[in-house]
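Take a look at the structure set out below.
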Amino acid sequence: MTTTDQVRETVNAVYESDSRRVLATLIRVLGDFDVAEEALHDAFMAALEQWPRDGVPANPRGWLVTAGRFKAIDKLRRRKRFSSLEEAGDAADVAVVDTAAWADEESVEDDRLRLIFTCCHPALAAEAQVALTLRQVCGLTTEEIAQAFLTRAPTVAQRIVRAKAKIRDARIPYEVPARTDLPGRLDGVLRVIYLTFNEGYAASSGASVTRHDLSAEAIRVGRLLVELLPEPEAIGLLALMLLHDSRRTARATASGDLILLEDQDRSLWNREQIAEGVGLVRRALSSPAGPYAIQAAIAAVHAEAPASAATDWNEIVGLYDVLSRLDASPVIALNRAVAVAMRDGPAAGLSIIDAILDGGDLTEYRPAHAARAELRRLLGRTADARVSYERALALARQGPERRYLERRLAELSAN
Amino acid sequence: MKYLCLVYLEERKLHAVQDSECMACGAGLRESGMLLAAEALQPVDTATTVRIRNGKLAVTDGPFAETKEQLAGFYLVDARDLNDAIQVAAKIPPAREGSIEVRPVRELNTDLYG
């Protein structure tokens, strides 16, 4: 391999590991997403040209920020034909100073947090927050994001363009929120990460294997967030994602059919992820526990049970009790009902589910009807079970979910 | 940067907030140096809509669009950025009863060559 090839590989490696960091800093330094993206591109082009000739700089990231800033100012100057001596002098300085203050370790880490909070700003549409985060924080291309969400690339591109225009025109600041605003803003960031994770998790057993791994991206951002801002709920969310993801290979057959938690081959569960997740749950629970930490704790109880029959359902019901007090959502009440069914028998769980559905909640929510069907079946109420399975089937979107429910219906007829 | 905070309220809630409370809010903003202008508006049944069509003046009774929540007043503020403007909007008393729409002001392009 020639030196040029080696340097080229180094540039690629630096792009992989540091391009998002450099971008985050360039956005702060240049004050505009589009200008920063162009500068990032120009900086790496310059690296490809100069590093083989001059050698790889001692601090590649600092070099790239400096080069990107210089290129951007140079372009702006040419575009606007800056004539004042002051501007020219400023640009000349940049060319000489390499180890600048804006490239120091601490401010660069802050920049990544600034980028996350800006992409997840509540003044942006929810879909735009997700798209912008995947584009800017994870570095996915517009095409990859579109493919992952089964939408068209121009739709995603449009969302990102609009979001960036609003950041610029309404002046959404590039900053980490003040301590007083942090809890609310952090909730927004966690929601974006969890939404991304769930989209990937639901798809991982779907028909398409070509969809970009959104779950892994979400875990990556979650990990970054915990590293930069170790708030209990951020830790709780990371734990929750790791514990769910640990079951990835066990939750579907080779042909993509869903396997329920109780039927999964637990030897396929990723022990490393479980160990990390359980450790994080302990950390998250050491302060007043929030909803993510409690959900993670529930996932940890499942993960630590050697067999389905050995699951500590009493503990799980207790955790759902705590969770319902924090968040009185009917989905949580449904999950609690399933846990109660496992602890006290199907009749106890079914009466809770009946009350939720009869109260008018979750009537369009597939899992509610699927759970009701399952409990009715266990109680030998075949005709009622059939009605509920058919209702669930009518609400099912994805191939694996549909096939699972169809299989259950066929079994009802066979018995 | 300037932001216009538009106060929207349902007609039946136009007087849900005491004038004195709005006065105090305006006074506080003025003291902080952020307030450029603020006024409360008469209800929309006092509104008149003016248009020029084919060079002719057309005057009609009522607002340009009938909506459930109507424009009840405005605050023009000078804020550091959107987060700062959101903080101001959150302190406008009718935020509890209706909605505050925060709109950045667009500077007119006065560049002769632009």
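Reminder, nothing fancy here: chain letters follow the sequence lines and each chain counts from 1.
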(request) Please round to the nearest 0.5 Å and tell me the distance separating atom CG of A:Asp181 and atom CG of B:Asn83. (result) 7.0 Å

(request) For atom CZ of A:Arg185, decide whether the heavy atoms of other residues, nucleotides or ligands shown that lie under 6.0 angstrom number more than 12. (result) yes

(request) Looking only at non-hydrogen atoms, find the nearest pair between B:Asp81 and A:Pro173 and report the distance. (result) OD2-CB, 3.1 Å

(request) Kindly check if the number of other-residue, nucleotide or ligand heavy atoms within 6.0 Å of CG (B:Asp45) is above 12? (result) yes

(message) So for B:Arg103, is it side chain, backbone, both, or neither that comes closer than 4.5 Å to the heavy atoms of chain A?
(response) neither

(message) Do A:Arg171 and B:Asp84 have side chains that approach each other closer than 4.5 Å (heavy atoms only, starting at C-beta)?
(response) no

(message) Taking atom CD as the centre, does A:Glu127 end up with more than 12 heavy-atom neighbours from other residues, nucleotides or ligands that are less than 6.0 angstrom away?
(response) no

(message) Report which part of A:Ala123 has an atom under 4.5 Å of a heavy atom belonging to chain B: side chain, backbone, both, or neither.
(response) side chain

(request) Work out which heavy atom in A:Ala170 is nearest to a heavy atom in B:Pro104; give both atom names and the distance. (result) CA-CG, 3.6 Å

(request) Heavy-atom pairs under 4.5 Å with chain A are the metric here; pick the option from B:Met1, B:Arg106, B:Arg80 that has the most. (result) B:Met1

